[in-house]
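Everything on this sheet refers to the single structure shown next.
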Amino acid sequence: MAKPFKPETRKYCNWSVTIYVGSEAVGFYTKSISPKGTILCTEICNDKGSAWQQGYNLVDRAIKEERTNRYKRIAIPLTLALLYVSGSDEEYELGHQSRFRGRRAGKGHDFEILDLLTEDGLLEEQRNPQQIKSVVLTPKGIKQARHIRKNLNLEGIEEFLQTQENRDDLIDGLEQDQEHFGDEK
């Protein structure tokens, strides 16, 4: 008579990984539980070694995804703030008048983050992104960058913000222009 399989638990990267016997005593699978209580299960494997490996791989992917999400939560607002601070005002001619277009900054940042900022409407869409070496913050992007900067506790930030205060009315005017004329400049 076969001896009943007793689940076995191992610690892996602060996760509990437990191996179980599959239904009807066929194969093995693992259940991995994170320190926060997230539960991940593998498919049924033919042998214990494969089941353990699948469990470890699931944990590795979950940890990598969490690190990526954490990076994005930090990098997106900081990148937007850096683009604003390092950028300069840009204007375009409309008839005989010069109109505020936004802030243009260099693209020397993580392209994945720049793409996410564009998807969120914080940067203007680029027609030929491979050829352009800079980006333009949209009015929404400018406002959000200013909000982020105000919440940063950096020496000299208040002085910098005071030099930029007169741009609020121009940003509002830019939004109205874009609604009226579209993005054709």
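Note that the numbering runs from 1 along the sequence shown for the chain.
One finds the CZ atom of Arg103 at 8.0 Å from the OG atom of Ser86 (value rounded to the nearest 0.5 Å). Put simply, CZ on Arg104 and CG on Asp89 are 12.0 Å apart, with the number rounded to the nearest 0.5 Å. Atoms CZ and CG, from Arg73 and Leu78 in turn, are 13.0 Å apart once rounded to the nearest 0.5 Å. Summarising the geometry, atom CD1 belonging to Ile142 is positioned 6.5 Å from atom OH belonging to Tyr84; distances are rounded to the nearest 0.5 Å. With rounding to the nearest 0.5 Å, the separation of CG in Leu83 from CG in Leu117 is 7.0 Å. Between the NZ atom of Lys31 and the OG1 atom of Thr9 there is a distance of 10.0 Å, given to the nearest 0.5 Å.
At distances below 3.5 Å, at least one donor-acceptor pair connects side-chain atoms of Asp47 with backbone N or O atoms of Gly49. Side-chain atoms of Ser50 do not come within 3.5 Å of backbone N or O of Cys45 as any donor-acceptor pair. No donor-acceptor pair under 3.5 Å is formed between the side chain of Arg149 and the backbone N or O of Ala81.
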Assess the residue pair Trp15 and Leu40 against the criterion (side-chain contact (heavy atoms from CB on, under 4.5 Å)); give the C-alpha distance rounded to whole Å, side-chain angles, the decisive distance to 0.1 Å, and a yes or no. CA-CA 10 Å; Trp15 286 57; Leu40 304 173; 3.7 Å; yes

Can Thr30 and Leu58 be said to form a side-chain contact (heavy atoms from CB on, under 4.5 Å), step by step? CA-CA 10 Å; Thr30 57; Leu58 273 179; 5.5 Å; no

Starting from the C-alpha separation in whole Å, work towards a yes-or-no answer on side-chain contact (heavy atoms from CB on, under 4.5 Å) for Asp110 and Leu114. CA-CA 6 Å; Asp110 183 331; Leu114 294 177; over 6 Å; no

What verdict does the side-chain contact (heavy atoms from CB on, under 4.5 Å) test give for Tyr29 and Ile19, after you've listed the backbone C-alpha separation in whole Å, the side-chain angles of each residue and the deciding distance to 0.1 Å? CA-CA 6 Å; Tyr29 71 95; Ile19 192 164; over 6 Å; no

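At a threshold of 4.5 Å between side-chain heavy atoms, the hydrophobic network of Ile, Leu, Val, Met, Phe, Trp and Tyr places Ile44 and Val17 in two separate groups. Hydrophobic clustering keeps Tyr20 apart from Ile33 (ILVMFWY residues linked when any side-chain heavy atoms are closer than 4.5 Å, directly or through intermediates). The hydrophobic cluster containing Phe111 also contains Ile113, counting ILVMFWY residues as joined when their side-chain heavy atoms lie under 4.5 angstrom apart, directly or transitively. Following chains of ILVMFWY side-chain contacts shorter than 4.5 Å, one cannot reach Val136 starting from Leu82, and the two form parts of different hydrophobic clusters.
Sorted by first and then second residue, the pairs that involve residues 58-70 and meet side-chain hydrogen bond (donor to acceptor under 3.5 Å, both in side chains), not counting sequence neighbours, are Tyr12-Asp60.
Among all heavy-atom pairs drawn from Cys13 and Ile63, the shortest one is CB-CD1, 3.5 Å. Across all their heavy atoms, Ala51 and Thr42 have their closest contact at O-CG2, 4.4 Å.
A search for salt bridge (charged side-chain N to carboxylate O under 4.0 Å, His left out) contacts involving Glu112 returns Lys72, not counting sequence neighbours. Applying the salt bridge (charged side-chain N to carboxylate O under 4.0 Å, His left out) rule to Glu125 yields no partners; only residues at least two apart in sequence or on another chain are considered.
Here the side chains of Leu122 and Gln144 are in contact, with some heavy-atom distance below 4.5 Å. Counting only heavy atoms from C-beta outward, the side chains of Leu137 and Leu80 approach each other to under 4.5 Å.
Other residues, nucleotides and ligands place more than 12 heavy atoms under 6.0 Å from the CG atom of Asp115.
With respect to Glu8, the salt bridge (charged side-chain N to carboxylate O under 4.0 Å, His left out) criterion is satisfied by exactly one of Lys6, Lys11, Arg10: Arg10.
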